[in-house]
Amino acid sequence: MRDDVASGSSDAQARLRVAGAWAGKLEVPLDTWTVANLRVEIARLAGFGADSINMICAGRILKDDAAGGGVRSLREVGIADDSKILLTRSGVQQAAAVNSEKQRSDRLARIKAAVDAMAKRSSEEDDYPVDNFDIQLENQSGEKLQFSSDDDRKALIMGLMLHSKARSLLQQNLYDEALEVLAMAEEAFSLCDRKILEAVDNVALLQIDTVWSLFMLRDIARLAVARERLKKAREGLLRSHGKNLERLRVLQGGFCPELALYVRLELLEGVVAYHSGLLDAAQHSLLSAQRKFHQLQVSDEAVASLVGMGFSLTESRRALRVSGQDMQRAVDFVVDDRHRKSQKLEDDRRRQQERREQKRYGKTLGGKAVDIGKLSELASLGYNRRVAAEALKQSENDRDMALEMLLNPASLATLQVCLDCQPHQLKGPVDETALAELMSMGFDQEKAMKALQRSESTAQAIERLLQAPVGSNDDSQRPAPVTDSSGSGQDLPSRPDSPLSMELDSRDEEMEQDIAQNVTGDPLAEYDIEVHKEGEAISEYLGLLKSIRSSTSKSTINSL
């Protein structure tokens with residue numbers, strides 16, 4: 001008996017006898033212990049998992065939670081001195097199933113919590129993120145989505161991230177778990193304005209993925225009533241792609257990346273029709289899916305030719321598929337796709353540099369980051385970027401007011417005084433070319449970055465580095481902690497007990513990273529699916545239809 005569980009009062013101890021999977025005797029306080037306490041103690045003595053044992057007393061299975069309400073003591077549930085407890089163990093498979101289900105439930109809870117946290121931190125009210133995840137939302141034309149409320153933005157982000165996670169689970173054949181995450185994604189999408197959802201095709205793709213999961217689980221009962229989901233998917237794709245896919249072809253430069261998606265959709269439409277008894281509709285959908293499936297089959301020779309040109313295997317297969325296996329168009333597609341990706345990387349790099357610069361300058365009194373576009377405009381007029389940034393901060397990003405402040409000698413002097421009062425203010429983002437130049441001279445990367453941030457030129461940074469004592473950690477140049485009582489949001493070191501520090505410490509970074517890596521930003525990723533499973537299913541159901549029609553035909557002949 002454990003002292004930490006047993007009562008230290010005058011509670012009478014009762015002796016219980018245990019038989020079955022483990023035999024022994026123990027003394028327990030009947031008036032303070034519950035069934036849960038007893039379960040833990042017996043499991044400890046027997047060396048079993050508490051979830052893997054059942055306890056039976058007087059013909060009744062003892063449950064941890066008393067029926068009808070509150071927790072009751074052992075005496076209240078009918079256990080007395082010298083009672084006999086029959087101990088049985090759940091089967092190993094059952095215990096493993098319980099443990100597996102708990103792990104699955106915990107994993108789903110972590111996914112939802114991580115996505116919710118990431119969506120909250122991505123609020124447009126926060127001009128630069130507190131972490132490394134930069135979420136940009138665009139429609140199929142590559143245009144930034146406009147939201148009427150931040151709640152709509154958060155809901156769409158949650159839906160998109162959950163859907164991406166579900167698709168990764170589908171690739172791992174975890175269909176039950178994928179269904180759970182797809183349901184979460186669907187709930188998130190339902191909170192978003194309908195007009196925004198109509199600008200993207202993600203809801204339609206989610207409906208298809210949901211029915212695909214049911215099909216892979218061979219959940220016939222739920223498949224038979226999945227017609228409405230597929231109808232919504234078809235309507236959503238019609239809005240996004242056009243009746244004859246003309247809108248999609250225009251957006252993708254005349255290429256056809258949608259075939260794999262429609263193979264799956266039409267297969268599922270055929271399967272659902274088959275299980276609903278609509279055999280003609282089933283055959284029509286399945287034959288259409290089969291035609292598209294054959295169009296997606298690429299020859300090994302064509303793939304080898306593109307790989308020989310220096311393209312990757314994935315690039316080659318995708319290009320041949322979307323171009324209708326036209327070699328020249330496939331080459332053009334890969335070249336254009338690489339250019340788009342290169343441009344996107346450059347845009348991302350520029351945006352990251354701008355965000356780093358914004359963090360250096362801090363925020364306005366209203367909590368907004370300095371407008372980089374207006375800052376660059378003022379800098380082009382010959383004004384120092386730091387001074388111009390301070391003017392924009394004090395004017396709440398009002399370009400005309402900031403310009404007036406810069407033109408007025410008195411206010412300009414005041415701006416300079418404000419900057420001088422900020423000890424060791426950093427000058428902005430580091431020029432990567434200058435950094436590489438300093439590192440090539442043998443300077444430490446971190447010290448070189450600090451020197452550049454505190455210098456007006458590369459030459460000044462070199463002079464600063466040369467003047468630093470050998471082995472110095474450059475403590476004299478380290479920014480001193482600044483208390484930002486003005487509310488301007490300076491980029492200050494986080495105290496261990498600050499809200500930002502507490503928020504980052506409580507993050508599930510492992511799950512967030514797992515979710516983030518599934519969001520590729522590749523506009524064609526949704527369509528670039530392998531279709532060998534679809535091909536097998538098409539053949540299977542066409543075979544079933546043929547068998548039914550053959551049986552019907554024989555029955556008709558016999559009746560004659």
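Values below: all heavy atoms of this structure, side chains included; hydrogens, waters and symmetry mates excluded.
A donor-acceptor pair is defined here as one N or O able to donate and one able to accept, closer than 3.5 Å; such a pair exists between the side chain of Ser316 and the backbone of Ser312. Looking only at distances, a side-chain donor or acceptor of Ser190 sits under 3.5 Å from a matching main-chain atom of Glu187.
Of the N and O atoms on the side chains of Glu41 and Asn37, not one donor lies less than 3.5 Å from an acceptor on the other residue. A donor-acceptor contact under 3.5 angstrom links the side chains of His163 and Asp209, judged on distance only. Judged by distance alone, the side chains of Ser288 and Glu266 do bring a donor and an acceptor atom under 3.5 Å apart.
Gln295 is linked by a side chain to side chain donor-acceptor pair (under 3.5 Å) to nothing, counting only residues two or more places apart in sequence or in another chain. Taking Ser305 as the reference, Met327 meet the side chain to side chain contact (heavy atoms under 4.5 Å, CB included) condition, with sequence neighbours excluded. Take Lys232 and apply the side chain to side chain donor-acceptor pair (under 3.5 Å) test, not counting sequence neighbours, and it matches no residue.
Ion pair Glu354/Arg349 not flagged as a salt bridge, since none of the NZ, NE, NH1 or NH2 atoms sits closer than 4.0 Å to an Asp/Glu carboxylate oxygen. Taking a cutoff of 4.0 Å between a charged side-chain nitrogen and a carboxylate oxygen, Arg350 and Glu346 do not qualify as a salt bridge. Ionic pairing of Arg227 and Glu269 is not present here: no N-O contact between side-chain nitrogen and carboxylate oxygen is shorter than 4.0 angstrom. Salt bridge annotation for Asp280-Arg549: present, with a cationic side-chain nitrogen under 4.0 angstrom from a carboxylate oxygen. Classification of Lys341 and Asp337 as a salt-bridged pair holds, one side-chain N sitting under 4.0 Å from a carboxylate O.
In this structure, Phe293 and His532 have side chains that are not in contact, with every pair of non-hydrogen atoms separated by 4.5 Å or more. Proximity of Val531 to Gln297: side-chain heavy atoms (C-beta onward) are separated by under 4.5 Å at one or more points. Counting heavy atoms from C-beta on, the side chains of Gln445 and Met449 come closer than 4.5 Å.
Between Tyr541 and His275, the ring center distance clears the sub-6.0 Å criterion.
Counting heavy-atom neighbours within 6.0 Å of Lys546 NZ, excluding the residue itself, gives a total of 12 or less. The number of heavy-atom neighbours closer than 6.0 Å to CD1 of Ile61, taken from other residues, nucleotides and ligands shown, is 12 or below. The 12-atom threshold is not exceeded at NZ of Lys112, counting heavy atoms of other residues, nucleotides or ligands nearer than 6.0 Å.
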Check the pair Phe311, Val331 against side chain to side chain contact (heavy atoms under 4.5 Å, CB included), reporting the backbone distance first and the verdict last.
CA-CA 9 Å; Phe311 302 133; Val331 171; 4.3 Å; yes
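Both tests hold for Arg218 against Phe215: distance to the six-membered ring centre under 6.0 Å, angle to the ring axis within 45°.
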